[in-house]
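Take a look at the structure below.
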Protein chains: 2
Amino acid sequence: MTEPLYRSVYNTIVKRIADADYVPGSMLPSEFDLAAELSVSQGTARKALIELEQKGIVQRRQGKGTFVTLRTPENSLFHFFSLRDKNGDQVAPQLQTETVIIRAARKYERALLHDQPDKVFEITRVRTFDGKPLCHEKTVVPAPLFPGLKDRSPLPNALYVLFQQAYSCIIISAEENLKAATLDATLASQLDVAPGTPAIVAQRRAFDLKERLVELRTSTFLTESTSYFVDLN
Amino acid sequence: MTEPLYRSVYNTIVKRIADADYVPGSMLPSEFDLAAELSVSQGTARKALIELEQKGIVQRRQGKGTFVTLRTPENSLFHFFSLRDKNGDQVAPQLQTETVIIRAARKYERALLHDQPDKVFEITRVRTFDGKPLCHEKTVVPAPLFPGLKDRSPLPNALYVLFQQAYSCIIISAEENLKAATLDATLASQLDVAPGTPAIVAQRRAFDLKERLVELRTSTFLTESTSYFVDLN
DNA sequence: GAGTGGTCTAGACCACTTT
DNA sequence: AAGTGGTCTAGACCACTCC
């Protein structure tokens, strides 16, 4: 075996979460119990748990236990919505409008998304902040992964909370590619600004616990009173 | 003592790097030697070293040793320049023009920068990629921290390499706030595009090993053939 | 072969949370 | 008081690098 022991412990726990043996918000067995069950030392179980915490898959709290990360509107925002206001505080936008349709996947969507879906849901939303439109989002997800999604509209503000609670799909990480653009007439009118207003356009790819690409999202942000925050390390 | 032992080991090592007892590129004492010297167990020294590696301050290589991170043009680019081309590959821009001046610090610069400098160096550069202008950067650093900087012009492509080698100032982390804008006539002509072209404007704050804010930078990126990549975790 | 970091163990004690 | 994770120790053996 070239694979370290703690890695197999890690993988075992990931599998159990993916299989809903351990559900979000619940407590994992203690380090001692996990170690005994998997026939490793407590230190080895601990190392696996620490890596799981660093990946954001579990959360550890001294005196309480280790818990499967529960996506809440708050932490979902914190991890996956990077706009800050002029004071550097996180922006909490409101949902204004939403449309959900099901349609055939475009060729590139089929090629990229998990399991090469023939059909996808397309969720289009406009969010506001301080009473003014702030961003336009077009989210595309594989239809087979989220049966009945359309019937749930209006969807909650934080999609990833729904994905986790209703579909056991836990979003762990995402990448965005940003470009600058000027708004065309259509988008400008939806965001209630003049055509030609500059905006940041973000192309997102989001991955779940099994490292499957389960979402493509195009967000268009106005940056007059907010900015997109990036931490470089 | 509320501070854990490994943290004081960590701080001791950071201090030694800041004081140039350990210089970039050189090997630290082994875990065993550090532990003996500081009267802790090997495991505790190890924990400090692992944290230093996660912060990017040292690099560990099995069989070889632990080394103080050396900023090279390559890794400096990798960590602090997030533009990707259409294939998702890192963009390596060339330097086109550069001006360095020394001037009085503006009020907000004096308030933000380390040690509230009265004078600052302002470095203005245009970078190209594939033969075309790609970005305009205005970098402001405290003059007292970088004596004689102006006389070194033309500065190397990667400023942080110079900061480290010539001034023992090791940049560890940075934050950027991004906005979208349309270029005014001046910037547009410098980047050889039409006025009104959309661009991403990034306001950077860079911090060194001692967590001092030592640089303010405003970068203006064209995003026609590149995009600004962000990893969300 | 000698020296380095990487993995793994077994045990101790501390700090925090809940009952 | 009991149970959790957090720190710390002391030791073993493995994998990799260099001479």
Side-chain angles (χ1 to χ4, degrees), chain A residues 1-17 21-70 72 74-75, chain B residues 1-17 21-70 72 74-75:
Chain A
M1 271 220 279
T2 162
E3 179 188 70
L5 255 183
Y6 69 81
R7 183 120 298 268
S8 83
V9 173
Y10 177 102
N11 288 332
T12 298
I13 296 173
V14 166
K15 188 170 187 317
R16 288 181 181 177
I17 296 173
D21 287 339
Y22 302 148
V23 304
S26 70
M27 191 176 97
L28 264 62
S30 71
E31 295 176 354
F32 186 85
D33 291 348
L34 271 173
E37 185 205 339
L38 302 174
S39 305
V40 299
S41 76
Q42 192 180 355
T44 300
R46 167 186 300 271
K47 179 149 186 175
L49 290 171
I50 288 172
E51 288 214 351
L52 284 162
E53 182 173 46
Q54 285 173 342
K55 279 257 193 178
I57 296 172
V58 304
Q59 286 164 311
R60 290 159 66 75
R61 270 171 285 174
Q62 185 174 169
K64 299 189 73 174
T66 300
F67 302 81
V68 182
T69 295
L70 184 65
T72 63
E74 292 70 32
N75 72 24
Chain B
M1 271 218 282
T2 162
E3 180 188 66
L5 255 184
Y6 69 82
R7 183 121 296 266
S8 84
V9 173
Y10 177 103
N11 289 332
T12 298
I13 296 173
V14 166
K15 186 167 189 316
R16 289 181 180 179
I17 296 173
D21 287 340
Y22 302 149
V23 303
S26 70
M27 191 175 98
L28 264 62
S30 70
E31 296 176 353
F32 184 85
D33 291 348
L34 272 173
E37 187 206 336
L38 302 174
S39 305
V40 298
S41 76
Q42 192 179 358
T44 300
R46 168 185 299 272
K47 179 147 187 177
L49 291 170
I50 288 174
E51 288 214 349
L52 284 161
E53 183 173 46
Q54 286 173 342
K55 278 258 194 176
I57 296 172
V58 305
Q59 286 163 311
R60 290 159 66 75
R61 271 169 284 174
Q62 183 173 168
K64 299 188 74 174
T66 300
F67 302 82
V68 182
T69 296
L70 185 65
T72 63
E74 292 71 31
N75 73 25

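For clarity, every value in this text was computed on a predicted model and none was experimentally measured. Residue numbers start from 1 in every chain, and the chains themselves are labelled A, B, ... in the order their sequence lines are given, proteins ahead of strands.
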* **Toward the 5' end of DNA chain C, by each residue's nearest nucleotide, A/Val40 or A/Lys64** => A/Val40
* Rounded distance (Å) that lies between atom C1' of D/dG5 and atom CG of A/Leu52 -> 15 Å
* To do: Quickly work out the A/Gln42 CD to D/dT7 P distance and round it to whole Å.
  => 14 Å
* **B/Gln62 side-chain proximity, nearest of D/dT9, D/dT7, C/dG6** => C/dG6
* Taking the side chain of A/Leu5 as heavy atoms from C-beta outward, which of C/dT9, D/dT9, D/dT7 is closest to it? -> C/dT9
* Atom-pair distance (CD on A/Glu3; P on C/dC8), nearest Å -> 9 Å
* Once you round it to whole Å, what is the distance between P of C/dC8 and CZ of A/Arg7? -> 11 Å
* Asked: Does B/Phe32 or A/Gly43 map to a spot on DNA chain C nearer the 5' end, using the closest nucleotide for each?
  -> B/Phe32
* Interatomic distance where CZ belongs to B/Arg60 and P belongs to D/dA15 [whole Å] -> 18 Å
* Asked: For the side chain of B/Glu31, counting heavy atoms from C-beta on, which of C/dG5, D/dG6, D/dC8 is nearest?
  -> C/dG5
* Structure fact -> Scanning both residues in full, the closest heavy-atom pair of B/Phe67 with B/Arg61 reads CD1-NH2, 3.4 Å
* To do: Counting heavy atoms from C-beta on, name the nucleotide in C/dT4, D/dT4, C/dA10 closest to the side chain of B/Asp33.
  => C/dT4
* Asked: In whole Å, what is the span from the CG atom of A/Leu34 to the C1' atom of D/dG3?
  -> 15 Å
* To do: Grab the CG-P distance between A/Leu28 and D/dG5 for me, whole Å please.
  => 9 Å
* **Exercise: identify the closest heavy-atom pair between B/Lys64 and B/Met27** => O-SD, 3.4 Å
* Asked: Which heavy-atom pair separates B/Tyr22 from B/Ser26 by the least distance, and what is that distance?
  -> C-OG, 4.1 Å
* **Nearest-nucleotide pick for B/Thr44, side chain only, options being D/dT9, C/dA10, C/dG6** => D/dT9
* To do: Could you please name the option among C/dG5, D/dT9, C/dC8 that lies closest to any side-chain atom of A/Tyr6?
  => C/dC8
* To do: Select one nucleotide: of C/dT4, D/dT9, D/dG5, the one nearest the side-chain heavy atoms of B/Ser30.
  => C/dT4
* To do: Grab the two heavy atoms, one from B/Ala48 and one from B/Val9, that are nearest each other, plus how far apart they are.
  => CB-CG1, 3.6 Å
* Asked: When you measure from the side chain of B/Arg46, which nucleotide among D/dT9, C/dT7, D/dC8 comes out closest?
  -> C/dT7
* Just to confirm, is there a sub-4.0 Å distance from OP1 or OP2 of D/dT4 to any side-chain nitrogen or oxygen of A/Thr66? -> no
* **Heavy-atom closest contact (B/Leu70 atom, B/Gln59 atom, distance)** => N-OE1, 4.5 Å
* Asked: For D/dC8, does OP1 or OP2 lie under 4.0 Å from any side-chain N or O of B/Lys47?
  -> no
* Is A/Thr66 reaching over with its side chain to a backbone N or O of A/Leu28, donor-acceptor style, under 3.5 angstrom? -> no
* Structure fact -> Taken to the nearest whole Å, CD1/A/Ile50 to P/C/dG6 is 15 Å
* Asked: Below 4.0 angstrom from OP1 or OP2 of C/dT4, is there any side-chain N or O of B/Arg61?
  -> no
